[in-house]
Amino acid sequence: MENKNFIRTIIETDLKNGKHDEIVTRFPPEPNGLLHLGHARAIIMNYILSKDYGGRFNLRFDDTNPVKEDTIFVEGIKKDIAWLGCHWDALYFASDYFEEMYQRAMLLVKRGKAFVCDLSAEQIKLHRGDFDNPGKESPYRDRSIEENIRLFEAMRNGEFADGAKVLRAKIDMAHPNINMRDPVIYRIQRAHHHNTKDAWCIYPMYDFAHPLEDAIEGITHSLCSLEFEDHRPLYDWFVKHCEMEQVPRQIEFGKLNIANQIMGKRLIRKLVEAGTVDAWDDPRLITLSALRRRGVPPLAIHDFVKALGLPKSEGHTEINMLDEFIRERFKVSAKRIHAVIDPVEVVLTNYPEDKTETLTAPLNRENEALGSRELTFSNTLYIEREDFLEEKPNKKWKRLSLGIEVRLMHAYFIKANTVDYDANGNVKTIYATYDPETKSGSGFNERKPNGNIHFVDAKTAKPAEIRLYEDLVIPDDDAQPIEEKINTDSKQVKYGFIESGITPQERESFQFTRLGYFTLDEDTTADRLVFNRTVALRSSFKPKR
RNA sequence: UGGGCUAUAGCCAAGUGGUUAAGGCAUCGGACUUUGACUCCGACAUCGAAGGUUCGAAUCCUUCUAGCCCAGCCA
């Protein structure tokens, strides 16, 4: 369920008062990196706010700084947003508007609202003043309109070196909001742009470009994060003085931060280079590509974002909140099958050596529509190593022990009798007997087993590589830097088996009974199944001591 | 120290003068169970602090405290 939020209230008021007939939102990423879970709030909220009120949603790349941007990021971002199911009504690039932006800047010049400044970057900084002191006006501030027109044209025509001149808005060097102290709106930068190639040598700054982009597209509600709050006066100033026909409204909300997760680009890069994680889509990360690879259903991310709402406060949400939405999405949709990820052999001494039988079991007891599958059963099985302890440790132990009887789910009761060890003293084979009377579905009711465990038939089971992930960051109360809390041993690779009757489809997710939800990884080949653990099952089991 | 924000449970988050202060996650009990799952029941808040206004305040006023953002030719 979605939490109500103040932006909905604003939209509903605007609709009711007839300020707008249609709501138009946008998600404006800069193509300079990949998206992560934190971006999902902005994407999904912009999307559903437009859809809920029958409006439109644009994807617009805010590509005004060619030195940082690349087309490979535009492709990656498009893929991630499409995966989330947030279909954009239109795809735009800020760079498509460069000519109009230039004309609007020229309008500012002609109105005496902007001037060409020859000060160096360093001098501009010095003139800007600081929190306690007003700035000083640029000596070039009073150039004539004619000269400014000529100079700005010359900037565009490439007559000056990079950085030699800038175009600045003429506002107020004494303004308490530093953003209003004659901000730079165009810089000279000879850089190859991924979209406009070498057509331009001047590029607009964010503060100038963004409100124009929104106005050009007829965006009604321009959502952004809190740090732009004190840019809003400038945003409004540009919309007004550039004489834009449509007037968008900027509304700020709090960024979605996730506690104990690596979000920063440079840190991720470092971890990838150090081999601590495998790649940008390593399932221990929370980039959207990593979540996709881990097998997280996109709708679970929608549920998560909606539950969080759109507050103006900023906290650190715990990731386990997402886990619960993932389980909820899988609960009735995923097939529930048997897999043993840390196998130990069980031999049934009273079951015919050459016999194999077929048992039928439902694929999901909470969703009969999924049908059933056939399980094979023989005298040699695998069970989970942790499901056996020679001696029952306490009355809470609901698994197998010597002399103790458990039910193999969808099969028979078995009782462990003796055990063999390998050279290291680890259990190698458990010898057990089964009771044919206890077959599942027979209605046998004479006695209760000491629990239910899962198994696979050793003679037919399919081998599988299973990757288990733990927290990449070790939660810690101490406020030490996150890079010092990296769990370098957070990935475990197991070699186990899944039941024979199952042929997983590409990226298919399953519940491995009693273990969790697992999704087929793209590393799977014709002769090697590879699964990622998407999320474990909840468990109230607490091992004693 | 200038400007802009934020503060409700361990973590999120509704609430906009009259409610027993929603809901989710986590935690702790208990029931049920062919998944120690699911489901179901139950527990869990002196609303950052102090004053004030009011019959009545998380909501209004005052003062204070804590935290975040801003001095790029980044976005």
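Chain A is the first sequence line, chain B the second, and so forth, proteins listed ahead of strands; every chain is numbered from 1.
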Inset, instruction - Please tell me which of the listed nucleotides, rA75(B), rG72(B), rU34(B), lies nearest to the side chain of Lys448(A)? - result: rU34(B)
Legend entry - Identity of whatever pairs with rU62(B) - Watson-Crick or G-U, under 3.5 angstrom: rA50(B)
Inset, instruction - With heavy atoms under 4.0 Å as the rule, sort Arg181(A) into base, sugar-phosphate or nothing. - result: nothing
Legend entry - Short side-chain N/O contact to rC38(B) OP1/OP2 from Arg514(A), under 4.0 Å: no
Legend entry - Tyr235(A) versus Asp214(A), side-chain donor and acceptor atoms under 3.5 Å: yes
Inset, instruction - Please state how far atom CG in Leu234(A) lies from atom P in rG72(B), giving the value in whole angstrom units. - result: 15 Å
Legend entry - Nearest-nucleotide 5' precedence on RNA chain B, Gly309(A) against Asn179(A): Gly309(A)
Inset, instruction - Using a heavy-atom cut-off of under 4.0 Å over every strand shown, decide if Gly441(A) touches base, sugar-phosphate, or nothing. - result: base
Legend entry - Below 4.0 Å: OP1/OP2 of rG72(B) and any side-chain N or O of Arg128(A): yes
Inset, instruction - Quick one: label Phe228(A) by what it contacts on the DNA or RNA (base, sugar-phosphate, nothing), any heavy atom closer than 4.0 Å. - result: base
Inset, instruction - Using the side-chain hydrogen bond (donor to acceptor under 3.5 Å, both in side chains) rule, take Asn58(A) and Glu217(A) through it: C-alpha gap first, then chi angles, then the decisive distance, then the call. - result: CA-CA 9 Å; Asn58(A) 294 344; Glu217(A) 291 176 20; 2.9 Å; yes
Inset, instruction - Grab the CG-C1' distance between Asn257(A) and rG67(B) for me, whole Å please. - result: 13 Å
Legend entry - Test item: side-chain donor near acceptor, Glu122(A) and Ser120(A), under 3.5 Å: no
Inset, instruction - When you get a sec, tell me which of rG15(B), rC73(B), rU39(B) is the closest nucleotide to the side chain of Lys331(A)? - result: rU39(B)
Inset, instruction - For RNA chain B, determine which residues of residues 58-70 of chain A have any heavy atom closer than 4.0 angstrom to one of its atoms, and list them numerically. - result: Asp62(A), Thr64(A), Asn65(A), Lys68(A)
Inset, instruction - Using a heavy-atom cut-off of under 4.0 Å over every strand shown, decide if His410(A) touches base, sugar-phosphate, or nothing. - result: base
Legend entry - Side chain of Thr317(A) - closest among rC12(B), rA37(B), rC74(B): rC12(B)
Legend entry - Non-neighbouring partners of Glu69(A) that pass side chain to side chain donor-acceptor pair (under 3.5 Å), sequence neighbours left out: none
Inset, instruction - Could you tell me whether Ser540(A) contacts a base, only the sugar-phosphate backbone, or nothing, with contacts defined as non-hydrogen atoms closer than 4.0 Å? - result: sugar-phosphate
Inset, instruction - Using side-chain contact (heavy atoms from CB on, under 4.5 Å) as the criterion, list what pairs up with Asp230(A), not counting sequence neighbours. - result: Asn177(A), Asn179(A)
Inset, instruction - Would you check if there is a donor-acceptor pair between the side chains of Asp130(A) and Asn133(A) at a distance under 3.5 Å? - result: yes
Between protein and nucleotides 19-21 of chain B, what N or O pairs are separated by less than 3.5 Å?
none

Restricting both atoms to N or O, compile the protein contacts to nucleotides 25-31 of chain B shorter than 3.5 Å, with distance only.
residue	atom	partner	partner atom	Å
rC25(B)	O2'	Asn320(A)	OD1	2.9
rA26(B)	OP2	Arg538(A)	NH1	3.0

Inset, instruction - Under 4.0 Å between any heavy atoms, over every strand shown, what does Lys4(A) touch: base, sugar-phosphate, or nothing? Just pick one. - result: sugar-phosphate
Legend entry - Rounded distance (Å) that lies between atom P of rG36(B) and atom NZ of Lys395(A): 18 Å
Inset, instruction - Report the base-pairing partner of rC44(B) (Watson-Crick or G-U wobble, both distances below 3.5 angstrom), or none. - result: none
Inset, instruction - Identify which nucleotide among rC73(B), rU34(B), rG23(B) has an atom closest to any side-chain atom of Ala121(A), counting heavy atoms from C-beta outward. - result: rC73(B)
Legend entry - Summary of protein contacts for nucleotides 1-8 of chain B, nucleotide by nucleotide, where a base hit scores B, a sugar-phosphate-only hit scores S (4.0 Å, heavy atoms): BBBSSS--
Inset, instruction - Assign each of Leu408(A) and Arg41(A) to its nearest nucleotide of RNA chain B by heavy atoms, then name whichever residue's nucleotide is nearer the 5' end. - result: Arg41(A)
Legend entry - Separation of rC11(B) C1' from Gln261(A) CD (nearest whole Å): 14 Å
